[in-house]
Amino acid sequence: MNKGRIRVLLAKPGLDGHDRGAKVVARALRDAGMEVIYTGIRQTPEMIVKAAIQEDVDVIGLSILSGAHLELFPPIIEGLRKKGRENVLVIAGGIIPEDDIPTLQQMGIKAVFSPGTSTEDIISFIQKEATAK
Amino acid sequence: MANKTKQEWRETTLASALKRAAERQEKFETSSGLEIDTVYAPEDLVNFDYTRDLGYPGGYPFTRGVQANMYRGRIWTIRQYAGFGTAEETNQRYRYLLEQGQTGLSIAFDLPTQIGYDSDHPLAKGEVGKVGVAIDSLQDMEILFQDIPLDKVSTSMTINATAPILLAMYIALGKKQGVEPANLNGTTQNDILKEYIARGTHIFPPRPSMRLATDIFAYCAEQVPRWNTISISGYHIREAGSTAAQEIGFTLANGIAYVQAAIDAGLDVDTFAPRLSFFFNSHINFFEEIAKFRAARRLWAKIMRERFGAKESRSWMLRFHTQTAGCSLTAQQPHNNIVRTALEALAATLGGTQSLHTNSFDEAYAPPSEEAVTIAVRTQQILGYESDITAVVDPLGGSYYIEHLTDSLEKEAGEYITKIDSIGGAVAAIEQGYQQREIQDSSYRYQKQIESGKRTVVGVNKFVSPYPKIVGLLRVKPEAEKKQRERTAQVRKDRNTSNVNQALKRLEDVAQSKDNTMPAFLECVEAYATVGEICDVLRKIFATQKEFLVF
């Protein structure tokens with residue numbers, strides 16, 4: 001195990017197949033020295049929580065473009081809380097209307113990255129906010 | 001003194017200009033990294049043969065267009081992809097679009113419908129009606145087309161894994177409206193291969209999926225002769241991050257796989273090939289896109305005539321729909337998207353598209369609002385009715401640059417096809433993750449170009465300024481999901497259960513035989529079996545398919 005490296009789970013909750021962003025971010029985080037696990041598409045909230053615990057990650061990045069974020073994010077946050085993992089940094093990206101961002105932040109999503117975000121901004125946010133075990 | 005050759009000009013006139021001032025960039029490149037020269041001249045078209053390479057519109061190899069007079073007869077079909085919430089809400093939007101002068105319909109289905117789950121399935125939670133309309137049973141389809149006679153419109157359906165079911169519903173609805181299948185016009189996307197490559201709504205493994213696709217070819221050739229049985233799509237491949245050359249290379253390689261599968265299933269190429277259609281992206285790289293459409297037409301004509309020995313001229317024609325590039329839209333300064341879309345739409349029309357969807361400026365946030373979609377429709381109408389670009393066929397034909405680019409793109413795409421052939425065809429290449437990996441590499445390179453400033457995106461990495469928030473974004477009401485679940489429960493209660501079971505049983509038998517599955521699908525939907533129930537039968541027989549290459 002590479003002790004000290006930040007471990008990130010990138011996940012695609014819901015049914016949408018748009019994985020360009022998730023894959024670009026996965027590669028950028030890896031190039032920045034993080035350990036990245038990408039789940040692939042069509043993940044349920046339960047699958048994501050389970051993977052996060054199994055992989056013992058420091059960060060979860062959720063990518064969604066279907067518009068189902070208000071339905072699918074809360075059970076992920078809730079699932080982490082139930083397992084005592086509220087310390088995991090959860091961030092998100094995709095097609096998310098600006099009006100929804102405060103709601104998501106209130107429920108515990110630390111940052112929502114809109115289209116056009118530079119991967120460097122995501123990397124520096126994670127490096128600042130996440131602590132590797 | 002005038003220079004006599006390009007070489008002489010380069011060494012004298014250009015060299016002294018460059019000595020005075022360097023150029024803005026060290027290198028100018030196409031989307032796939034081919035270097036763009038300063039100017040193009042006769043020397044760049046040394047082996048050019050007008051009759052062989054271009055010919056006249058409406059004739060082989062169709063480089064200049066598939067119809068002799070193109071938009072002078074009728075402009076392209078204005079076809080906006082639309083659908084959200086319940087069938088009632090989407091029906092309202094369709095009627096609005098038709099009133100605004102739209103000439104064809106294009107159904108966006110929600111993800112559960114595309115992946116074969118009913119609205120009350122646990123995996124559908126939160127997704128019902130979000131990216132498109134929810135269709136569970138024939139009853140939803142009846143509501144979707146309330147007061148829209150099927151003999152008066154042509155309808156394109158973005159539906160792939162569940163295409164035979166939705167096509168069966170459309171045929172069944174036609175019958176209810178008194179319209180014969182022979183009088184139905186439209187398209188089923190029915191292109192499963194690009195789902196594995198780029199779009200991700202596959203259900204079954206490739207081989208049974210290819211059989212369902214070719215069953216549609218065979219059935220429609222006899223029963224629904226005006227139906228476009230497939231729309232072989234490069235759009236999503238490009239959206240996933242491919243280059244222009246990869247878009248047409250991978251798409252035509254998929255096309256080859258479908259044609260071969262249909263021939264292997266015993267069909268004569270000229271019975272189904274005239275009903276194959278294509279779907280491409282129009283990205284922001286203006287000239288490269290125009291050349292891409294022309295190159296794709298010429299390449300496909302050669303493939304159909306030379307590789308497959310098709311004899312009918314209609315079998316050689318690549319007819320296509322275009323959508324402007326969703327991935328070129330920015331969330332920043334969103335009104336700039338109107339200009340991007342207009343430019344991309346212009347490229348599509350100069351490239352000879354048969355139908356066009358223009359994106360709405362608010363789509364980096366949500367599905368389009370009525371205001372945004374109206375501007376998108378008006379953009380097409382300005383191009384089509386105001387600008388005079390429609391008066392001449394292939395106006396850029398003969399441009400040294402466009403012809404050179406058309407040649408290069410055809411060559412580059414041809415090399416991808418050769419590579420895929422050497423792997424064993426499109427299906428084998430997909431199973432190995434070849435196209436997926438190529439696309440991932442291109443998309444990462446593109447992202448790096450934006451972040452390094454090598455590629456400019458106005459409002460994102462250059463000319464950044466504050467912008468007002470868009471008001472009036474479309475929100476799908478959460479009640480839609482509840483309403484849809486209730487309707488489907490009611491349908492299950494009202495229908496004749498033994499008819500449903502009998503129809504599903506017949507489908508199960510036919511799916512395991514070599515017979516055409518379409519009549520069995522038709523029987524299922526006419527008994528009001530749901531999309532989810534029908535797919536459950538098929539999942540049991542065919543099994544399901546995960547992504548081939550995750551990362």
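These numbers come from the heavy atoms of this one structure, side chains and all, not from hydrogens, waters or symmetry mates. In what follows, every chain begins at residue 1, and chains take the letters A, B, ... in the order their sequences are listed.
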Is the number of heavy atoms from other residues, nucleotides or ligands within 6.0 Å of NE2 (B:H283) greater than 12? yes
Does a salt bridge link A:D16 with B:R199, judged by any charged N lying under 4.0 Å from a carboxylate O? no
Report the option among B:H202, B:K125, B:E363, B:Q114 that has the most heavy-atom pairs separated by less than 4.5 Å from atoms of chain A. B:H202
For B:I439, is it the side chain, the backbone, both or neither that has a heavy atom under 4.5 Å from a heavy atom of chain A? neither
Pairing donors with acceptors under 3.5 angstrom, does anything connect the side chains of A:T119 and B:Q447? no
Identify which part of A:A28 has an atom lying under 4.5 Å from any heavy atom of chain B, answering side chain, backbone, both or neither. both
Restricting to non-hydrogen atoms, name the atom on A:V24 and the atom on B:S443 that form the minimum distance, rounded to 0.1 Å. CG2-OG, 3.7 Å
Run the salt-bridge test on B:K469 and A:D99 with the 4.0 Å N-O cut-off and return the result as yes or no. yes
Quick one: does A:R42's side chain have a donor or acceptor within less than 3.5 Å of a partner on B:K546's backbone? no
From CZ (A:R20) to SG (B:C327), nearest 0.5 Å: 5.0 Å
Taking atom types as modelled, find out whether B:Y444 and A:D31 have a side-chain donor-acceptor pair closer than 3.5 angstrom. yes
Are the side chain of B:E127 and the backbone of A:G67 linked by a donor-acceptor contact shorter than 3.5 Å? no
Spatial distance of atom CZ (A:R27) from atom CG (B:D441) [nearest 0.5 Å]: 4.5 Å
Atom CD of B:E547 and atom NZ of A:K12: how far apart are they, to the nearest 0.5 Å? 9.5 Å
Against chain A, label B:V460 side chain, backbone, both or neither, depending on which of its atoms sit under 4.5 Å from a heavy atom there. side chain
Measure B:E195 against the heavy atoms of chain A and call it side chain, backbone, both or neither at under 4.5 Å. neither
Return the option, out of B:V128, B:L123, B:I115, with the maximum number of heavy-atom pairs under 4.5 Å with chain A. B:I115
Does any backbone or side-chain atom of B:H236 lie under 4.5 Å from a heavy atom of chain A? Answer side chain, backbone, both or neither. neither
Using non-hydrogen atoms and a 4.5 Å limit, figure out which bit of A:I95 sits close to chain B: side chain, backbone, both or neither. both
Sort B:P112 into side chain, backbone, both or neither according to what part of it lies under 4.5 angstrom from a heavy atom of chain A. both
Chain A contact via B:E239 - side chain, backbone, both or neither, heavy atoms under 4.5 Å: backbone
Provide the closest heavy-atom pair for B:L111 versus A:S66 in the form atom of the first, atom of the second, distance. CD1-CB, 3.7 Å
Would you name the heavy atoms of A:P115 and B:A331 that are closest together and state the gap between them? O-CB, 4.0 Å
Any idea which of B:G132, B:P478, B:A240 has the most non-hydrogen atom pairs under 4.5 angstrom with chain A? B:A240
Salt-bridged, B:K130 to A:E71, with N to O below 4.0 Å? yes
Separation between OH (B:Y117) and CG (A:L15), nearest 0.5 Å, reads 7.5 Å
Please state whether the side chain, the backbone, both or neither of A:T44 comes within less than 4.5 Å of a heavy atom of chain B. side chain
Relative to chain A, which segment of B:T330 carries a heavy atom at a distance below 4.5 Å: side chain, backbone, both, or neither? neither
